[in-house]
Engineer: 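Sharing a structure, written as structure tokens. Questions coming.
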Amino acid sequence: MILVFLGPPGAGKGTQAQRLAKEKGFVHISTGDLLREAVQKGTPLGKKAKEYMDRGELVPDDLIIALIEEVFPEHGKVIFDGFPRTIKQAETLDEMLKKKGMKVDHVLLFELSDEEIIERLSGRRIDPKTGKVYHIKYNPPPLGVEVIQRDDDKPEVIKNRLKVYREQTAPLIEYYEKKGILRKIDASKPVEEVYKQILEVIGNGT
Ligand code: AP5
């Protein structure tokens, strides 16, 4: 089963994908996580991507597509989290899957208001050792776990990420709606309830 998690920054895509990977055996492919890893390691991709990420802009399609080609699993249950983000990326994903006799099964659109997005992103903290995502109010890290704030979770960058989402990524809603595979998720609910909505879409026994 191939899932695409679509939605604005901070809507909870990563939180839910991490849990589905752990409990249901999905391979979790997050282009954001892969890019942050490349930046941290100082690879050529990381050096090119950093300036875009720091501004809250999209990394160019050719770099993202090359990255996805590297990590594309041959088969199995996969969640693409934060990819595709442009029509070009979506068309490329469709082509890649077609060559393998596969297709996107469900696109889960995480819906959340701008106000809630800002609250979630400004309170987000990450455990740099495991990559696990926390929130100072909604999901505080356990005692003893040292957490950091993401560079792009600053107010001016958050604003730009929202603008970029609306202009460049939101057109994917129509793209997938036309294919009849878009499923809406009310991402304003607590983590547990969002998880249940996802299981309803993909099937509890998945
Ligand atoms: P990326 O890392 O993908 O960021 P994003 O899409 O902006 O998504 P986030 O990771 O910010 O949010 P999320 O929806 O995963 O929410 P989370 O679960 O953390 O991309 C970063 C950058 O990389 C981009 O700006 C771009 O430059 C580049 N990039 C990446 N992919 C690209 C691509 N395909 N093409 C081009 N460029 C690309 O939750 C947020 C917070 O809320 C957390 O604190 C969490 O604990 C809390 N929370 C989660 N769910 C709930 C809930 N139900 N109730 C209360 N709190 C909750």
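No hydrogens, no waters, no symmetry mates; every other heavy atom, side chains included, goes into these values. This structure is a prediction, so every number in the text was calculated from the model and none was measured.
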Engineer: Can you list everything that forms a side chain to side chain contact (heavy atoms under 4.5 Å, CB included) with Gln40? Sequence neighbours excluded, please.
Structural biologist: none
Engineer: Under 3.5 Å, is there a donor-acceptor pair between the side chain of Gln18 and the main chain of Gly131?
Structural biologist: yes
Engineer: Can you list everything that forms a salt bridge (Lys or Arg N to Asp or Glu O under 4.0 Å) with Lys50? Sequence neighbours excluded, please.
Structural biologist: Asp54
Engineer: Between Val164 and Tyr52, is any pair of side-chain heavy atoms under 4.5 Å apart?
Structural biologist: no
Engineer: Testing the basics here: between Arg85 and Gly82, what is the closest heavy-atom pair and its distance to 0.1 Å?
Structural biologist: NH1-O, 2.8 Å
Engineer: Would you indicate whether Glu111, at its atom CD, is surrounded by more than 12 heavy atoms from other residues, nucleotides or ligands within a distance under 6.0 Å?
Structural biologist: yes
Engineer: Does the side chain of Val191 reach to within under 4.5 Å of the side chain of Asn139, using non-hydrogen atoms?
Structural biologist: no
Engineer: Residues two or more places apart in sequence or in another chain: which of them pass side chain to side chain contact (heavy atoms under 4.5 Å, CB included) with Ala21?
Structural biologist: His28
Engineer: Does any pair with a residue in residues 31-43 pass salt bridge (Lys or Arg N to Asp or Glu O under 4.0 Å), and if so which ones, sequence neighbours excluded?
Structural biologist: Asp33-Arg36, Glu37-Lys41
Engineer: Do other residues, nucleotides or ligands put more than 12 heavy atoms under 6.0 Å from Lys77 NZ?
Structural biologist: yes
Engineer: Decide yes or no for Leu20 and Tyr195: does some side-chain heavy atom of the first lie under 4.5 Å from some side-chain heavy atom of the second?
Structural biologist: yes
Engineer: Considering residues at least two apart in sequence or located in another chain, which fulfil the salt bridge (Lys or Arg N to Asp or Glu O under 4.0 Å) criterion with Glu95?
Structural biologist: none
Engineer: If we ignore hydrogens and angles and just use 3.5 Å, is the side chain of Lys13 paired with the main-chain N or O of Phe80 as donor and acceptor?
Structural biologist: no
Engineer: Let me see the working for Ile173 and Val107 under side-chain contact (heavy atoms from CB on, under 4.5 Å), right down to the final yes or no.
Structural biologist: CA-CA 9 Å; Ile173 297 172; Val107 176; over 6 Å; no
Engineer: Could you report the tightest heavy-atom contact between Ile118 and Ile158, atom names first, then the distance?
Structural biologist: CG1-CG2, 4.2 Å
Engineer: Suppose we screen for side chain to side chain contact (heavy atoms under 4.5 Å, CB included). Which residues come up paired with Val201, at least two apart in sequence or across chains?
Structural biologist: His106, Leu108, Arg183, Ile185
Engineer: Side chain to side chain contact (heavy atoms under 4.5 Å, CB included) with Glu69: which residues, sequence neighbours excluded?
Structural biologist: Ile65, Met96
Engineer: Quick one, Met102 and Glu74 - any side-chain contact, counting heavy atoms below 4.5 Å?
Structural biologist: no
Engineer: Other hydrophobic cluster members with Tyr138, side-chain heavy atoms of Ile/Leu/Val/Met/Phe/Trp/Tyr under 4.5 Å, chained?
Structural biologist: none
Engineer: CD of Glu116 to CG of Leu121: how many Å apart, nearest 0.5 Å?
Structural biologist: 12.0 Å
Engineer: Is the shortest side-chain heavy-atom distance between Thr15 and Phe110 below 4.5 Å?
Structural biologist: no
Engineer: Using a 3.5 Å distance criterion without hydrogens, assess whether the side chain of Asp105 forms a donor-acceptor pair with backbone atoms of Ile2.
Structural biologist: yes
Engineer: Below 4.5 Å, heavy atoms only, C-beta onward: do Arg120 and Arg124 meet side chain to side chain?
Structural biologist: no
Engineer: Can you establish whether the number of heavy atoms outside Glu51 located under 6.0 Å from its atom CD is more than 12?
Structural biologist: yes
Engineer: Which Ile, Leu, Val, Met, Phe, Trp or Tyr residues join Val147 in one cluster when any pair of side-chain heavy atoms under 4.5 Å counts as a link?
Structural biologist: Tyr134, Val145
Engineer: Tell me, please, which residues at least two apart from Asp186 pass salt bridge (Lys or Arg N to Asp or Glu O under 4.0 Å).
Structural biologist: Lys189
Engineer: Answer whether the closest heavy-atom distance between the side chains of Pro73 and Ile29 falls below 4.5 Å.
Structural biologist: yes
Engineer: Using the salt bridge (Lys or Arg N to Asp or Glu O under 4.0 Å) criterion, which residues pair with Lys196? Sequence neighbours excluded.
Structural biologist: none
Engineer: With the side chain counted from C-beta on, respond yes when Gln89 and Ile68 share a heavy-atom pair under 4.5 Å apart, and no when they do not.
Structural biologist: no
Engineer: Applying salt bridge (Lys or Arg N to Asp or Glu O under 4.0 Å), which residue pairs with at least one partner in residues 156-172 are found, sequence neighbours left out?
Structural biologist: Asp114-Arg166, Asp152-Arg161, Asp153-Arg161, Lys163-Glu167
